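Taking it in order: structure first as C-alpha cells, then the write-up.
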There are 2 protein chains.
Amino acid sequence: MAQAKKKEAVIERRSGVALWRQIADRMRREIGEGLLGEEGRMPPEVALAERFGVNRHTVRTAIAALVQEGVLRAEQGRGTFIEGRRRLAYPIRSRTRFSEGLAGQSRGLAADLLDHAVEPASLDVAKALCLSPGAPVIRLETLSHADGRPVSRARGWFDAERFAGMAEIFSRTRSITASFRELGLADYLRHSTTVTARHAEAGDLKDLQLSPGAIVLVTIAINVDAQGQPVQYSETRFAADRIELHIPGADETG
Amino acid sequence: MAQAKKKEAVIERRSGVALWRQIADRMRREIGEGLLGEEGRMPPEVALAERFGVNRHTVRTAIAALVQEGVLRAEQGRGTFIEGRRRLAYPIRSRTRFSEGLAGQSRGLAADLLDHAVEPASLDVAKALCLSPGAPVIRLETLSHADGRPVSRARGWFDAERFAGMAEIFSRTRSITASFRELGLADYLRHSTTVTARHAEAGDLKDLQLSPGAIVLVTIAINVDAQGQPVQYSETRFAADRIELHIPGADETG
DNA sequence: CGCTATTTGTGCGTATGTATC
DNA sequence: CGATACATACGCACAAATAGC
C-alpha cells in the first residue's frame, strides 16, 4: 500500500455536512482523546489544512466554531490552544448516585430544578413504576453541572402519592438521594439501565450548551427500594463529549 | 382542510448541517421511537415539508438518504413506508457474550474476521492486559451482523503468548467464547465497561453501512479469567440506531 | 372502462451557502 | 477581497403510478 502523500479520507464532500463542521467535530473528538494538540497547543492552521486536505479558510471556520464552543482559544501571533477539559466518568452501579459518582473528579457539582409538574402517568411511566396508566406522577426536569459546565439534563418520574412534595424538597436539597431520605426512603438501588445515543434535540442543545450535531448519551433508568418496588423512572441525556459512562464488574462494585 | 400548523423550530439554518440531513436525522429518530409513521406508513411529502417548514424537494432529499440507509421504502403513487426494524438490546453483565446476548432477539447472528495481526502492545493495551508495553499481542478486527444488518465493529487485543492461534481459531469458530474454550479458557468475566458516543468515522461508516453524521456507541471493555487475570481488551463500536445497551441491576443479572 | 384524487418522481430556473484559488 | 465552481434550498410545473368511484 503506497502512502506517498495520502490525504486522510475522513472528510467527505457532498455528505450533507459542511467540511468545516466535519473538521470541527473530528478535532473536538481527537482533542478529547488526546490525539490532537501537544501540551495544549494545536498544530498551525496550514498543517491542519494540509492534513484534512482542505483550504486554510475551511480550517479557520472549524476553529472559530470550537472557539465559540469553548474548546479552543486562538491567540493572534501565538497560536491556538486547547481549553477543553477531560471527560468525566459517570459510574453506573447498584447504588448509582449522581454527586457521589462525580465527586473527586470535579468541583462545583450542582443540580437545578428547571420545571416540575404533577401529571397522569403515560403507559411507559406507569409500567416502569408499577402504577396504573393515568395515575398521578410527579415529573422533575433537572439540569446538572460539573466544573461549571452543564453535563446532563434529566427527566424523572415519581409516584405522586408516595412522594408528595418531591419537587419542593428537591428544589431545596438539590439531590434526589437527600429528597428520598426526607420522604422516608433511606436507600434505593438501580434496577436497570438502558443506554442509547442520538443527536441532541433543540432544547438539550440550549440547556447543555451544545452545538448543532452534538451527541447525547441517553440513559433510561429504574430505581427500586429495598423491597424491589420501583421508586423512580428517569431519562437522562448526558453531553457525550463531557461524560463517559463506566460500568464496573462485580469485583469492583463500590 | 389545510390547517395552518405551527412550524416546529427544530430545524436550524446556517448551522453547518444541511437541512435535509437534519430532517433525515430527526425522522430516523422519531421512526425509531414510534413517533412518526402510522402502521408503517409515512405522512405524504407535502405534509412533512409543511411540518418542517421546508420545500418538498428538501424533504425528498432527506427521504432519499433514509431509503439509501434502508430505513424507508418509497413507492411511486402509493406512499413512503418504514422498513426499519426495532433496536436490539445488547446486555452488559458479568458474563457478557455477543451471540447469547442477542439470541432470541434476532436471526442470522454472525461475526466476520476482517483483519488480524500480531503487534507490540501500546501503552493502553499493555496496561489493560497487565503486560509490558511492547509485548506481543494479537489484534482482531471483527464485524458482527444481526438480522442481516451490520450492528457492531470491534477491535480486540489478546496476549499473543497465552492465546497463540486466536485469529485462525476465531475465523473458524466465529466466536470469542468458543475460541477461548479451544485455547483452554472455559470461562471469563466482564471486569469493566466504559461507554461513550461519537460520530462514526469513515471506516465504520462503510463497514456498518451508516450515513455520514451517524452515531456509534463505543464500549471499552476488559474481560478477565476466573483468577482475575485480564484476557481481552476490546473497543466495540455499535451502530447507535440499531443497538441499545442494557445494564441489568444485581437482581436481574442473568 | 374512464375519471379523479392522491402521492411519488422529474425537470428547470433561481438564489444562497460553501469551498477553492 | 473578488472570481469561480459546486452544493444546497426553493418554487413551480408536470409526468407517472396507484387507488377509489
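As the structure is a computational prediction, the values presented were derived from the model and not from experiment. Per chain, numbering begins at 1; letters A, B, ... match sequence-line order.
As rounded to whole Å, 16 Å separates atom P of dT18(C) from atom CZ of Arg21(B). Distance CZ (Phe81(B)) to C1' (dT6(C)): 12 Å, rounded to an integer number of Å. With rounding to whole Å, Glu50(B) atom CD is found 12 Å from dG11(D) atom P. One atom, CD of Glu45(B), and another, P of dT7(C), lie 10 Å apart when rounded to the nearest Å. Regarding Gln22(A), its CD atom lies at a distance of 16 Å from the C1' atom of dG17(C), rounded to whole Å. In this structure, Leu19(A) atom CG and dG17(C) atom C1' are separated by 12 Å, rounded to whole Å. Taking atom CG of Leu48(B) as the reference point, atom P of dT7(C) lies 11 Å away to the nearest angstrom. The CD1-P distance, from Ile23(A) to dT18(C), rounds to 14 Å in whole Å.
Under 3.5 Å, the side chains of Glu235(B) and Trp157(B) contain no donor-acceptor pair of N or O atoms.
Checking the phosphate oxygens (OP1, OP2) of dG11(D), a side-chain nitrogen or oxygen of Asn55(B) falls inside 4.0 Å. At dT8(C), none of the side-chain N or O atoms of Arg78(B) fall inside 4.0 Å of OP1 or OP2 (strictly under the cut-off). Checking the phosphate oxygens (OP1, OP2) of dG9(C), a side-chain nitrogen or oxygen of Arg60(B) falls inside 4.0 Å.
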Can you check salt bridge (Lys or Arg N to Asp or Glu O under 4.0 Å) on Arg28(B) and Asp25(B), steps first, answer last?
CA-CA 5 Å; Arg28(B) 190 195 302 107; Asp25(B) 289 340; 3.2 Å; yes
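Residue contacts shown for Thr80(B) are limited to sugar-phosphate atoms, with no base heavy atom under 4.0 Å away. Residue contacts shown for Val54(B) are limited to sugar-phosphate atoms, with no base heavy atom under 4.0 Å away.
Under 3.5 Å, the side chain of His57(B) and the base of dG11(C) form at least one donor-acceptor pair of N or O atoms.
None of Ile243(B), Thr219(B), Val216(B), Ile220(B) except one satisfies the side-chain contact (heavy atoms from CB on, under 4.5 Å) rule with Thr236(B); the exception is Thr219(B).
The number of heavy atoms from other shown groups lying within 6.0 Å of CZ (Arg155(B)) is above 12.
Taking the nucleotide of DNA chain D with the nearest heavy atom to each of Arg56(B) and Gln76(B), the more 5' of the two is matched to Arg56(B).
Look at Arg153(B) and Glu141(B) and you find a salt bridge, because one of the NZ, NE, NH1 or NH2 atoms lies within 4.0 Å of a carboxylate O, short of that distance.
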